[in-house]
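Take a look at the structure below.
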Number of protein chains: 2
Amino acid sequence: MSVRRESNTEVRGASARARGLTHRHPSEVPLQDALDAVADPVRRTILRELAGQPDWTRACGTFDLPVSKATRSHHFAVLRAAGLIEQRDEGPRRFNRLRRAEFDQVFPGLLALVLAERA
Amino acid sequence: MSVRRESNTEVRGASARARGLTHRHPSEVPLQDALDAVADPVRRTILRELAGQPDWTRACGTFDLPVSKATRSHHFAVLRAAGLIEQRDEGPRRFNRLRRAEFDQVFPGLLALVLAERA
DNA sequence: TAGAGTGTTCGATGGAGGTCGACCATATGA
DNA sequence: TCATATGGTCGACCTCCATCGAACACTCTA
């Protein structure tokens, strides 16, 4: 019998993993960081795939990317730091959401260029 | 007496230097190149300075940049290849013009973000 | 509690590109 | 023809970052 066992779904309070998740609102992101984030082709692929489906339906591992697991994780961290995506843990998986409106308000047109890219 | 001496102002036909000038219309520029061009802070400084004054009034050497002559020349070549500027020789000097409308038509909003940057 | 699945961290590596000094090319004017 | 000024080219260097394998951390289920 453990003390203070809340629930296995972690409804209340962040899990140990989620606590390490540092998000950044687009309004706190320098243009330099936004451009750097968007200048990488792998990251643009992530953004486009993410835009093609509803929020919170894509875990990090479900993206079709030509890189290793470690590199993939790195790219998601960059996108998070650039205010381009939001992440939420659900069990062992980490689901993603494109911060479309927020990002577009700070950097109007930039995300649209990425999503319109035929690649 | 040289044969076929046109004029010293090179009104007709390009000068030897100008002939080596390879321009690229924004419509032929991949998004990757546009983003790479704009992701460099020195190049953004050039674009902002250029936007602050009328076309064809700024020679390459008149920009206040924290880099050497060689590096400066490199940056102008990148901007030219990205369809962001147009260059024209006038005597020994090379004058610049921001391709604002053309670029904005292909990459709407991108240049505006750069010019709005407070830096 | 053991195992499987998902994702991160760490250290190392390789390549791309920004940077420079030196030299070269062109244009103007004395 | 020479001197000066502007700008480009070349080769070398160096830093940053994308990349990887391996090990680790967390979550769920048996």
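We name chains A, B, ... by the order of the sequence lines, and we start the count at 1 in each one.
Both A:P92 and B:T62 lie near DNA chain D, and the one whose nearest nucleotide falls closer to the 5' end is B:T62. Nearest-nucleotide assignment on DNA chain D puts the 5′-proximal partner with B:G61, out of B:G61 and A:R72.
Residue B:L79 contributes atom CG, which lies 16 Å from atom C1' of D:dG8 at whole-angstrom precision. One interatomic measurement links the two molecules: CD of A:Q32 to P of D:dC16, which rounds to 13 Å at whole-angstrom precision. Following rounding to the nearest Å, A:F76 (CZ) and C:dT9 (C1') show an atom-to-atom distance of 17 Å. In this structure, the CZ atom of B:R93 is 18 Å from the P atom of D:dT4, given to the nearest Å. Here the C1' atom of nucleotide C:dA25 and the CG atom of B:D89 are 12 Å apart, to the nearest Å. Look at CZ on B:F95: it is 11 Å from P on D:dT6, rounded to the nearest Å. Following rounding to the nearest Å, B:L21 (CG) and C:dA27 (C1') show an atom-to-atom distance of 14 Å. We find that CG of A:N96 is positioned 11 Å from C1' of C:dG7, with the value rounded to whole Å.
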key: Sugar-phosphate or base contact per nucleotide [nucleotides 13-20 of chain C; S, B, -; heavy atom under 4.0 Å]   = -----SBB
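Counting only residues at least two apart or in different chains, salt bridge (charged side-chain N to carboxylate O under 4.0 Å, His left out) contacts with residues 47-68 of chain A comprise A:R48-A:E117, A:E49-A:R58. Pairs passing the salt bridge (charged side-chain N to carboxylate O under 4.0 Å, His left out) check and including a residue from residues 106-116 of chain B, sequence neighbours excluded, do not occur.
With hydrogens and angles disregarded, no donor-acceptor distance shorter than 3.5 Å links the side chain of B:T57 to the backbone of B:Q53.
Within the 4.0 Å cut-off from OP1 or OP2 of C:dT8, at least one side-chain nitrogen or oxygen of A:R94 is found.
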For residues 104-112 of chain B, tabulate all N or O donor-acceptor pairs below 3.5 Å that involve a side-chain atom, not counting sequence neighbours.
from   : atom 1 : to     : atom 2 : distance (Å)
B:D104 : OD1    : B:G109 : N      : 3.4

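Of the residues in residues 45-54 of chain A, not one comes within less than 4.0 Å of DNA chain C through any heavy atom.
Grouping Ile, Leu, Val, Met, Phe, Trp and Tyr residues whose side-chain heavy atoms lie under 4.5 Å apart, directly or via other members, places B:W56 in a hydrophobic cluster with B:F95.
The residues B:E102 and B:R99 are annotated as salt-bridged, a charged nitrogen and a carboxylate oxygen being separated by less than 4.0 angstrom.
Every residue was checked against the salt bridge (Lys or Arg N to Asp or Glu O under 4.0 Å) condition with A:D40, not counting sequence neighbours, and none meets it. Scored by the ring-ring contact (aromatic ring centres under 6.0 Å, His included) test, A:F63 finds A:F76 as partners (sequence neighbours excluded). Looking at residues two or more places apart in sequence or on another chain, you find no side chain to side chain donor-acceptor pair (under 3.5 Å) involving B:S73.
Nucleic acid contact for A:A59: sugar-phosphate only, since backbone atoms but no base atoms lie under 4.0 Å from a heavy atom of the residue.
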